[in-house]
Amino acid sequence: HERNVIHRDIPENLQLGHGGDLKIVDFGWSVYEPTLFRTPCVSLDYLSPEIVHGQPHIKTVDLSNLGVLAYKLLRGKVPVLATTYEETYYKIMKLQFKMPPDMTKPAAHLISRLFVKDLASRMPLKHVASIPGFWCTCTKSK
């Protein structure tokens, strides 16, 4: 993002390198910002509200994808589940999903600041790693 590159397909292209370093791979769908691209380049379940609305991509599309990915990693499913494309699009446009009650506050805070409609209120990437407590415990003990 510091180099104005929008990946547009992060959830499907994360790998662990030697030593546990997280790597983003396959920049085949990437574009430079600003762009007028409107083509969805990510799996249906990871679409951001602006893509569903047909708006041009900006860097925050990657942040929305990251919010959906965090939810999926913690819960084993994406936040917006539906049986049809139309229902999925509608739920994404309206952000119809519930944060599970056993989700920790740091995890819920992160997801609620990434998977949002208002592009200006999405948490900047540089702040994602600094959420206190998120990277230690992501779900409450039962």
Side-chain angles (χ1 to χ4, degrees), residues 1-17 20-142:
H1 285 179
E2 291 172 357
R3 294 184 178 143
N4 294 320
V5 173
I6 310 167
H7 190 280
R8 303 193 310 161
D9 195 18
I10 286 179
E12 305 295 330
N13 291 295
L14 294 177
Q15 296 181 359
L16 284 178
D21 295 330
L22 187 64
K23 306 282 186 178
I24 300 174
V25 299
D26 190 359
F27 284 79
W29 284 105
S30 298
V31 293
Y32 284 102
E33 185 184 50
T35 182
L36 296 179
F37 282 96
R38 298 169 193 266
T39 308
C41 302
V42 70
S43 300
L44 177 66
D45 294 329
Y46 290 93
L47 288 176
S48 64
E50 63 269 26
I51 290 177
V52 173
H53 284 289
Q55 298 169 340
H57 298 76
I58 61 173
K59 288 183 275 195
T60 58
V61 74
D62 288 341
L63 299 172
S64 177
N65 293 163
L66 189 59
V68 175
L69 179 62
Y71 189 101
K72 185 174 182 179
L73 289 171
L74 294 170
R75 305 306 301 171
K77 59 186 177 184
V78 293
V80 175
L81 291 174
T83 56
T84 66
Y85 285 110
E86 294 80 14
E87 184 184 6
T88 302
Y89 273 50
Y90 180 81
K91 286 184 172 188
I92 291 170
M93 282 192 292
K94 301 291 184 185
L95 285 181
Q96 287 186 346
F97 76 99
K98 294 181 179 166
M99 204 65 71
D102 65 338
M103 182 86 68
T104 65
K105 287 183 182 180
H109 174 71
L110 174 71
I111 293 163
S112 69
R113 291 288 314 279
L114 292 172
F115 191 48
V116 296
K117 284 185 197 179
D118 181 22
L119 307 182
S121 68
R122 283 193 190 145
M123 179 180 291
L125 189 57
K126 64 184 177 183
H127 294 151
V128 169
S130 65
I131 304 238
F134 176 73
W135 303 105
C136 300
T137 57
C138 295
T139 56
K140 295 177 186 174
S141 300
K142 295 189 179 193

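Because only heavy atoms are used, hydrogens play no part in the values below, and waters and symmetry mates are left out as well, while side chains stay in.
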Worksheet item: What distance do I92 atom CD1 and L44 atom CG have between them, rounded to the nearest 0.5 Å?
Response: 6.0 Å
Practice prompt. Rounded to the nearest 0.5 Å, what's the gap from OG1 on T88 to CE on M93? Could you check?
Written response: 10.5 Å
Fill in: Exceeds 12 heavy-atom contacts within 6.0 angstrom, atom NZ of K72
no
Worksheet entry | Worked verdict on Y90 versus V52 for side chain to side chain contact (heavy atoms under 4.5 Å, CB included) | CA-CA 8 Å; Y90 180 81; V52 173; over 6 Å; no
Taking side chain as C-beta onward, heavy atoms only, is [X] less than 4.5 Å from [Y]?
X: V68; Y: D45; result: no
X: L69; Y: N65; result: no
X: M123; Y: H109; result: yes

Item to complete: Applying side chain to side chain contact (heavy atoms under 4.5 Å, CB included), run through D102 and R75 and close with a yes or a no.
Response: CA-CA 10 Å; D102 65 338; R75 305 306 301 171; 2.9 Å; yes
Worksheet item: Passes side chain to side chain contact (heavy atoms under 4.5 Å, CB included), L66 versus L125? Steps please.
Response: CA-CA 9 Å; L66 189 59; L125 189 57; 4.0 Å; yes
What are the two closest heavy atoms between [X] and [Y], and how far apart are they?
X: P49; Y: L95; result: CG-CD2, 4.0 Å
X: V116; Y: S121; result: CG2-OG, 3.7 Å
X: L63; Y: P124; result: CD1-CA, 4.4 Å
X: L110; Y: A70; result: CD2-CB, 4.3 Å

Discussion item. Among residues at least two apart in sequence or on other chains, which ones pass side-chain contact (heavy atoms from CB on, under 4.5 Å) with E87?
Written reply: A82, T83, T84, K91
Worksheet item: Got a donor-acceptor contact below 3.5 angstrom from the T104 side chain to the A107 backbone?
Response: yes
Practice prompt. Could I get the full list of salt bridge (charged side-chain N to carboxylate O under 4.0 Å, His left out) partners for R122, not counting sequence neighbours?
Written response: E50
Discussion item. Please verify the inter-ring angle class for Y71 with F97; under 30° counts as parallel, over 60° as perpendicular, anything in between as tilted.
Written reply: perpendicular
